[in-house]
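Sequential numbering from 1 along the given sequence is applied to the chain's residues.
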Amino acid sequence: MEEVRVRKGAIQVRGIFVLAFSAAMLAGGVFPVQAAPTGPGAPPEVERYDEATYARLQDNRIEYDEIPDLVHEYNPDISKAWDTYMSSKEDYAGIVTELESQYRTVKDTADGYISAGQLMGNQLLISTGRQLTKGYQGVIQGMRDTVNKWDTNKRNTSMLRNAERQVTAGTQSAMIGYETIRQNIATLETMVRLYEQQVEMMNRMAGLGMATGTDLAGANSSLLTARAQLASLSSQQESVRRTLCMLLGYDPDSYPEICPIPEFDMSRLEGMNLEEDTVKAIGNNQTLISQRTSEKGKTNDQIAARSRMIEEGDQKLTIEMQRLYQEVQDKKAAYEAARTGFAAAEKSREAAERQYRLGLLSQVQYIGTQISYHQKKAEKESANLNLLQAMENYDWGVMGFAAVE
């Protein structure tokens, strides 16, 4: 009877360990990503944010610095993936609870091994019984630790976190693109009004013999070009707006407020160190990580080929980081030049307004000054956004997302 009991218990234990193994596979698996409407309006994770941030995420306003949190909470694919992962945590925790409830059965089985071993003088059975109890407790504790570290487990969440960062980078680019278009539209609307005034005056002056046909044709050409650009940008703006909404979980037919992007924070440039940042980029880049963790090979040729591949990958990323760094420096120089040009245009505009009020400047000259001012303003705004995008590209490169062919 004792032998029958032991065999039956062994079968029960094997079934429990199969269940535990299945749960472990579930914890390390890849969860399918499915689109789901979870846009703003659905409550975010309360414990993740302070009260002010929590309120901002639900205020139907898209602000640039909120993009990482908005993507995490409301991007359909990303939020669904995290929900699936966290739901699996609950399932896994349930398995742990079930295993804990079976401990008494396993303990009885282990005691059966020990009793049988003592009865037969079989040290192997005694050792097996003791190891069974200890091993089962170890499995439960290990699985419980997995549950407790579920939210911060870098290995299990690396794919999700990388996908989220890529979506965040894409969303930042979309919002920068939208802001660029919006600023250009505002400038062009002003320019169209100024060009219309300019054409009207040229017509009057031509009638008085004070302007040539060439002058009139030039003014009309500028007006037509500005109108064409304005029409094209308006169409592009709607397309980018819908894309931005979809990336952040909004119905594309809804119209959340898309807030202007603040002036670039120049202090971000102070943290750049190409040499140190390149080392970080190499350590973070998934392509290079895969190369470094690949099989070493068995033959000398295979080992040498792998070493060359790793070295070439590091060199390519080093060159790419140099390119990204130089792009930031170039955009910085362009921004500073545009800012200087705009400051000069502001002074010229102020002087022109004083002269125009005093009758020292003709209307044609005054409008010309206004046109120049708005052109310089547009150049500065564009340079500001170009610098922001270059800085974001560099930072994402440091975090491991620079392209390595």
Side-chain angles (χ1 to χ4, degrees), residues 29-92 150-154 156-183 236-262 264-265 268 284 286 385 388-389 391-393 395-396 399-401:
V30 178
F31 301 102
V33 179
Q34 302 173 7
T38 56
E45 303 170 37
V46 179
E47 66 281 359
R48 182 181 169 91
Y49 308 102
D50 58 42
E51 186 176 344
T53 303
Y54 184 83
R56 287 179 67 201
L57 291 178
Q58 301 180 84
D59 61 7
N60 208 40
R61 301 171 76 242
I62 300 174
E63 298 182 64
Y64 188 79
D65 65 342
E66 292 180 310
I67 286 178
D69 290 334
L70 289 171
V71 167
H72 178 82
E73 294 293 342
Y74 300 125
N75 177 271
D77 293 327
I78 298 302
S79 61
K80 179 62 177 178
W82 280 113
D83 286 345
T84 302
Y85 179 75
M86 297 311 295
S87 294
S88 298
K89 172 186 177 181
E90 297 177 6
D91 295 338
Y92 196 76
W150 193 275
D151 299 357
T152 57
N153 188 309
K154 292 185 177 180
N156 288 349
T157 60
S158 62
M159 185 175 295
L160 277 177
R161 287 184 286 108
N162 285 337
E164 182 174 321
R165 287 168 178 167
Q166 288 174 329
V167 173
T168 297
T171 305
Q172 287 175 338
S173 293
M175 189 163 179
I176 291 173
Y178 180 86
E179 180 68 8
T180 300
I181 293 173
R182 177 165 57 188
Q183 290 178 357
Q236 292 178 36
Q237 182 185 39
E238 175 59 13
S239 176
V240 177
R241 185 198 67 79
R242 293 177 68 86
T243 297
L244 185 59
C245 283
M246 288 188 290
L247 285 168
L248 296 177
Y250 286 95
D251 182 338
D253 291 324
S254 66
Y255 286 85
E257 179 185 355
I258 303 176
C259 301
I261 296 177
F264 178 74
D265 181 4
R268 290 181 63 178
N284 292 332
Q286 289 299 315
L385 293 174
L388 172 61
Q389 184 64 76
M391 189 75 245
E392 297 291 14
N393 292 342
D395 284 347
W396 284 117
M399 292 182 68
F401 292 93

Leu388 and Tyr64, any side-chain heavy atoms less than 4.5 Å apart: yes
CD1 on Ile258 to CG on Leu244, rounded to 0.5 Å: 5.0 Å
Flag side-chain contact, heavy atom, 4.5 Å: Arg61 against Pro256: no
Polar side-chain atom of Ser239 near backbone of Gln236 as donor-acceptor pair, under 3.5 Å: no
Flag side-chain contact, heavy atom, 4.5 Å: Ile62 against Leu248: yes
Heavy-atom check, side chain of Arg56 versus side chain of Asp59, under 4.5 Å: yes
Cys245 versus Asp251, closest heavy-atom pair with distance: CB-O, 4.3 Å
Minimum heavy-atom distance Val240-Ala174, with the two atoms named: CG1-O, 3.5 Å
Side-chain H-bond candidate by donor/acceptor type, Glu73 with Tyr49, under 3.5 Å: yes
Atom CD of Glu257 with >12 non-hydrogen neighbours under 6.0 angstrom: yes
Point-to-point distance, once rounded to the nearest 0.5 Å, from OG of Ser173 to CD of Glu392: 8.0 Å
Under-4.0 Å salt bridge between Arg268 and Asp395: yes
Among Glu63, Gln172, Met175, Arg182, side chain to side chain contact (heavy atoms under 4.5 Å, CB included) partner for Ile261: Met175
Nearest-0.5 Å distance, OG1 of residue Thr180 to CG of residue Leu385: 4.0 Å
Quiz item: cation-pi between Arg242 and Tyr250, 6.0 Å / 45°: no
Geometric class of the Phe401/Trp396 ring pair [parallel <30°, tilted 30-60°, perpendicular >60°]: perpendicular
Straight-line distance of Thr168 OG1 to Met399 CE, nearest 0.5 Å: 9.0 Å
Atom pair CG/CG of Asp65 and Asp265 - distance to nearest 0.5 Å: 11.5 Å
Side chains of Tyr255 and Arg241 in contact at under 4.5 Å (non-hydrogen atoms): yes
Residue pair Gln389 / Asn393, side-chain donor-acceptor N/O under 3.5 Å: yes
Sub-4.5 Å side-chain heavy-atom contact between Ser79 and His72: no
Interatomic spacing from OG1 in Thr171 to CG in Asn75 - rounded to 0.5 Å: 6.5 Å
